[in-house]
Amino acid sequence: MKLTILGSGTCIPHKQRGSSGYLLETLNSKILLDCGNGTTWKLEKIGVNYLEIDHIFFSHLHPDHTGDLVPFLFATKYSRNKTREKPLFIWGGKGFVKFFDALKKAYGSWIVPEHLVLDEIRDGSETFQDFKIVSTKVPHMENSLAYKITSGEKSIVYSGDTDYSESLINLAAKCDLLIIECALANESLKMKGHLTPNEVIKTINEAKPKKVLVTHFYPECDEEKVVETIRSNADIEVIEAQDLLEVPI
Ligand SMILES: [Zn+2]
Ligand SMILES: [Zn+2]
């Protein structure tokens with residue numbers, strides 16, 4: 001598998017970090033994990049045709065994770081001389097269908113391309129052609145999910161946005177790559193629903209993934225060098241997410 005980071009930031013505009021979006025490529029599938037504003041444009045920038053995306057999985061419904069869904073669908077419907085030939089599967093947690101129905105009320109058929117299959121992950125897991133996905137609830141907003149994707153011998157876990165969580169630790173146990181948020185720059189900025197560097201370190205040390213990618217940085221995280229703090233307290237490889245960085249798994 002190969003992961004490309006499309007957005008390592010939050011809702012706050014930043015010169016180098018866009019809102020959340022990750023491209024995961026398995027042998028036969030192209031998967032987006034979240035689709036924050038700018039994701040569709042970034043795909044074009046790295047030379048991936050957005051019409052080739054097979055699945056989008058949403059961790060939760062905050063705008064910095066869903067903001068490009070409407071532009072993505074609009075571009076898919078009106079793709080000019082290219083046409084989408086294969087199904088486009090879009091998935092979210094409980095309430096996702098209602099969320100999409102509200103968007104449809106606003107935008108009508110402009111955002112309903114052919115071959116669209118949109119649903120909620122109902123029983124926590126789904127199996128597809130060359131990967132399996134398992135979800136678990138994490139504490140952030142209502143029905144926020146973390147995902148584990150396994151393809152062949154390899155597995156990645158994406159935390160989405162989360163507070164410290166046993167369910168994330170269990171999901172991430174011994175995975176090949178854990179993509180984990182660290183929105184808060186230090187312990188004094190702790191707020192419910194996001195992780196501080198110490199909570200990320202605790203999660204890593206308990207889950208023991210083989211490698212970690214730290215992401216979803218508010219601007220002050222860069223000033224406070226949160227990744228260096230995490231790296232010096234973990235005995236595995238810790239990668240700092242950067243927009244357009246590729247991570248082989
Ligand atoms: Zn977020
Ligand atoms: Zn959020």
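In this text, all values refer to a predicted model and were calculated from it rather than measured experimentally. For ligands, and for the atoms within them, numbers begin at 1 and follow the listed sequence. Numbers here are sequence positions counted from 1.
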A.B. asks: Test Gln129 against Asp54 for side-chain contact (heavy atoms from CB on, under 4.5 Å), laying out the working first.
C.D. replies: CA-CA 11 Å; Gln129 192 195 2; Asp54 299 288; over 6 Å; no
A.B. asks: Can you confirm whether more than 12 heavy atoms, excluding those of Glu187, are under 6.0 Å from its CD atom?
C.D. replies: yes
A.B. asks: Please examine the side chains of Tyr107 and Val112, heavy atoms only from C-beta on, and report whether any two atoms are closer than 4.5 Å.
C.D. replies: no
A.B. asks: Are Val226 and Ile201 linked, directly or through other ILVMFWY residues, by side chains that come within less than 4.5 angstrom of each other?
C.D. replies: yes
A.B. asks: Closer than 2.8 Å to the Zn ion (ligand 1), what protein N/O/S atoms do you find?
C.D. replies: Asp64 OD2, His65 NE2, Asp161 OD2, His216 NE2
A.B. asks: So, of the N/O/S atoms that His140 has, which is the nearest one to the Zn ion (ligand 2)?
C.D. replies: NE2
A.B. asks: Using the ring centroid of each side chain, check whether Tyr78 and Phe74 are separated by less than 6.0 Å.
C.D. replies: yes
A.B. asks: Which one of Lys42, Gln16, His14 satisfies the side chain to side chain donor-acceptor pair (under 3.5 Å) criterion with Asp243?
C.D. replies: Lys42
